[in-house]
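Below: the structure, in C-alpha cells.
Letters A, B, ... are given to chains in the order of the sequence lines, protein chains preceding strands, and every chain is numbered from 1. Predicted model, so just to flag it, every value in this text is computed and none were measured.
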Number of protein chains: 2
Amino acid sequence: MSAVTLSQVAREAGVSLATASRVLNGSDRRPAEHIAERVRNAAETLGYVANAQAQALARSTTGLVGLVVHDIADPYFSSIAKGVQRRARADRRQLLLAATDGTDQLDAVAAFAAHRTDAIIMAGSRRREIDPRLLAELTRYQKNGGRVVTIGQAWLEGAGSVTIDNRGAGAGLTDMLIRAGRTRFAFLGGPEELASAAERRAGFYWALERAGLTAEAELTEGFNSQGGYEAARGLLERLGPDAVRGLTVVVGNDVMALGAIAGFRHAGLLVPDDLWVAGFDDIPNLRDFSPGLTTVRFPLEQIGEAAADIALSHDEVRIQHVVGEIVRRESA
Amino acid sequence: MSAVTLSQVAREAGVSLATASRVLNGSDRRPAEHIAERVRNAAETLGYVANAQAQALARSTTGLVGLVVHDIADPYFSSIAKGVQRRARADRRQLLLAATDGTDQLDAVAAFAAHRTDAIIMAGSRRREIDPRLLAELTRYQKNGGRVVTIGQAWLEGAGSVTIDNRGAGAGLTDMLIRAGRTRFAFLGGPEELASAAERRAGFYWALERAGLTAEAELTEGFNSQGGYEAARGLLERLGPDAVRGLTVVVGNDVMALGAIAGFRHAGLLVPDDLWVAGFDDIPNLRDFSPGLTTVRFPLEQIGEAAADIALSHDEVRIQHVVGEIVRRESA
DNA sequence: TTGAAAGCGCTAACAT
DNA sequence: ATGTTAGCGCTTTCAA
C-alpha cells in the first residue's frame, strides 16, 4: 500500500505541506485560487489518494461506524443494514460490518474499538443475560468518547437506542387473532435467551391470559427458517395432525414462520386451509410469498436509518421507540 | 476518541515503548516473561485498546477488506457478504461494506482506497460498459499494492476473480427444459447493461436456437422482485392470459422469478398449473417457497468465501470458475 | 533482551 | 495567505 503522499504533491506543486493539505482536504482557510489550482493539478497528475488512516490519527476521528449483526444473510438484519448504510453514506461515513453468528459480539466490539469507529450500532440479537465482558468493553468505549446505539432494547446505559415494542406486538397480534374468533393457540418461538424472542412470547401469553385462554403447545427452536421447520414438525409430533388442524400458530418471527409453514406443508397441512400461522417483522421477501403472511410490521430499513441517525447525531443521546403495525393477510 | 496509549502503558509498567509494543502487539521478539507479565497487567488495569489507525500507519497495512455490493438487502448479495465476512474473520480482518444501489461504485472504491483496505471485492453488478473512471481508480489501487477481486466476471486486468458461468447456466437450464418437452418459451430479464443478466439471456437464446425454437416474448425490467412482478404483468398484457398459459418462463434470477410468480398469481395464473417458471441462483429463502422453484444453483456463500480467499491469499492472483448446478423443482 | 529514536502521512497550532 | 513544526499512536531499525 505505498501511494502518493501529500508531501509529494506539495513538492510537485511547489507549496508547503500545509497549503496542500488545506486545498485538498477541506479546511476553513482557503488558499488563493491560482495556488489551489496548482495543487489540484499536482494531485491529479500524481494520482494522490488521501490516507484516511493518517487523517484519522491526526484528526482523532475516523469517519467509521461499526455495525454488529447476528447474521447478515437474514433479511431482518440485512434490511437494517441497508438502512444504516444509507444513512451512513449520506454523511460520507464508512460502514464496518461484523456478523457474529451469535457468539463473538465481544470480538466484534473489540475490533471496532481498536479501529476507533466513531460509533457502534448493536443490532445483534441481545441475549437476556449480557456478557459482562461485553458490557465492560462497550462502557469503556463510551468512556473514550464512542457512541453506541442498540437496536431492539435499550440495554446499555448511556447508549442511544431504537427500541422495538416486541411485547406489545406479541400481545396486539394475539389479541387481534382472538377477536377474530380464534381460540386454539400454539407458540413457536426462538431461544428464550434472546430478548426479542422472549418478549414476543410474553406478549402472546399476556393476551391469551387476558382472554382466559391457554396455549395448547409451545416449542422452542432456532430463530431461523430451519428452526421454524423443525418446530412445525415437532408440534405435529407432539399434538398429532388432528389436534394441529384448526390451531392458530404464532411464530416468533417471519423467517421462522415461513420455515414453519413449509414444515406443515411437507406434512400435508396447508395454511390457511388446515391451520393458521402468523409472524413478526414483515420482512421484504414476504411480498412474494403465498399465502400472504399475517404479521406485525416493523419498518426495518427505517429502524436502521434511525439507529445510524442517532449514532451520527451530535446532540444528546436519543431513544426512539418503534411500535409495530399489525398486517393482516391470508395466513391467519 | 481519546483512549489509553501504548506509552501510558509502557510508563505504568516501567518499560520502554518498544518493549510494550512487542509484548502487546505481537512481534518475533519475545521479551522476558516477567516483564511481559508486568506490561500485560498495566494494559489491563489501564484499559488499553490498540489504535488500529496508528498501527496501520506504522505497519502500512490495515487489515481491512472492502466489499462493494449492489444491494445488501438482496439475498444474492447478502449471502455473498456472509461468505466474505466469514472468511475475513477467520483472518481477523475487518469488513468495510459499501452498498451502491448501482450507481456510485466509484465513490465506494475511492473511499476504500482512501482507507487503504488491503483488498477490494467487487460483487456489485457489473455493467457491461464499465465506467472508465472506475477502471482508472481500481487500476491505481492495484498499482499501489491493493488487491482486487471481482465476482461474476473477470473484467479487470490483474485482478483475482470468481467467475460465474451465467451463459452456461442459461443454456443448461433452457436445454434441460427443452428436453423435458417444453416448446413454448418466454424470457424475463434484467437490464441488458448488467453483464450477468445479459449472459443468462444469451445462454437462453443459444439453447433455444440450437433446438430450432424461438421465444414468444421477452421483457426487461429491474433485476429484483418488483421487476419480476412487473415483467409478469407486462407479459400478460402483451400476450394475453391464454397465450401465457402453457408457457415456460425463464427469469433472470430467483428474486425476480419469485416476483414474477407473484405477478402471475395475482392475475389468476398459478405455477405450475397454468405455466412454468424457472430462475437462477438458488437463494436461501427458496427453501420455504412453494412451489419449489426450478433454478440453477450457485453456492453464494462459498463464492463469497472464495473471493475473500483470493483477496487475502498471498500468492499469485487466482481466477476461480464456478459452474451452476441445475436444481429441478416443481415450478418448471 | 531492552531501549532510543526515526519515521508512517496527515492536521493544526503557531509563526511569518 | 502561506509556511514551519509539533504532534497523533504505533512499529521497527539500530544501538547498547
Indicate whether OP1 or OP2 belonging to D:dG3 is found under 4.0 Å from a side-chain N or O atom of A:T19.
-> yes
_Mind checking if B:L17 touches a base, just sugar-phosphate, or nothing, with heavy atoms under 4.0 Å?_
base
Here the distance between atom P of D:dA1 and atom CZ of A:R38, to the nearest Å, is 16 Å
| message | Does a side-chain N or O of A:S16 approach OP1 or OP2 of D:dT2 to a distance below 4.0 Å, or not? | response | no
When rounded to whole Å, the CG to P distance for the pair B:L6 and D:dT11 reads 6 Å
Smallest heavy-atom separation, B:N144 atom then A:A3 atom, equals ND2-CB, 3.7 Å
Rounded to whole Å, CG of A:L24 lies from C1' of C:dA12 at a distance of 16 Å
A:D107 bridged to B:R89 by N-O distance under 4.0 Å:
no
| request: Report, as yes or no, whether the 6.0 Å neighbourhood of atom CD on A:E33 holds more than 12 heavy atoms from other residues, nucleotides or ligands. | output: yes
A:R59 atom CZ is separated from C:dG9 atom P, nearest whole Å, by 16 Å
- Message: Less than 4.0 angstrom from a charged side-chain N to a carboxylate O is my criterion; do A:R318 and A:D309 meet it?
- Response: yes
For this session: Please work out if B:A50 contacts a base, only the sugar-phosphate, or nothing of the nucleic acid, heavy-atom cut-off 4.0 Å.
Result: sugar-phosphate
Atom CG of A:L46 and atom C1' of C:dG9 are separated, to the nearest Å, by 15 Å
Closest non-hydrogen contact found for B:A81 with B:I72 is CB-CD1, 3.9 Å
Query - Whether B:Q320 side chain and B:S161 backbone form a donor-acceptor pair below 3.5 Å - result: no
Rounded to whole Å, CD of B:Q8 lies from P of D:dG9 at a distance of 8 Å
In whole angstroms, the gap separating P of C:dG9 from NE2 of B:H115 amounts to 17 Å
Of B:V15 and A:Y48, the one whose nearest nucleotide on DNA chain C sits closer to the 5' end is B:V15
Atom CD of B:Q55 and atom P of D:dT12 are separated, to the nearest Å, by 10 Å
Checklist entry - Under 4.0 Å between a side-chain N/O of A:S21 and OP1 or OP2 of C:dC10, yes or no? => result no
Side-chain atoms of A:A18 come closest, of C:dT2, D:dT11, D:dG3, to D:dG3
Per-helix bend value, the helix from C:dT1-D:dA16 to C:dT16-D:dA1, C1' rotation axes over five pairs per end, 10° rounding, shows 40°
Original post:
Counting N and O atoms only, with roles assigned by atom type, does the side chain of B:S60 sit under 3.5 Å from a partner on the main chain of B:L57, one being a donor and the other an acceptor?
Top reply: no
>> Using a distance-only criterion (donor-acceptor N/O pair, under 3.5 Å, no hydrogens), is the base of C:dG3 paired with the side chain of B:R22?
In response: yes
Taking C:dC10, D:dT11, C:dA4 as options, the one with an atom nearest any side-chain atom of A:A54 is C:dC10
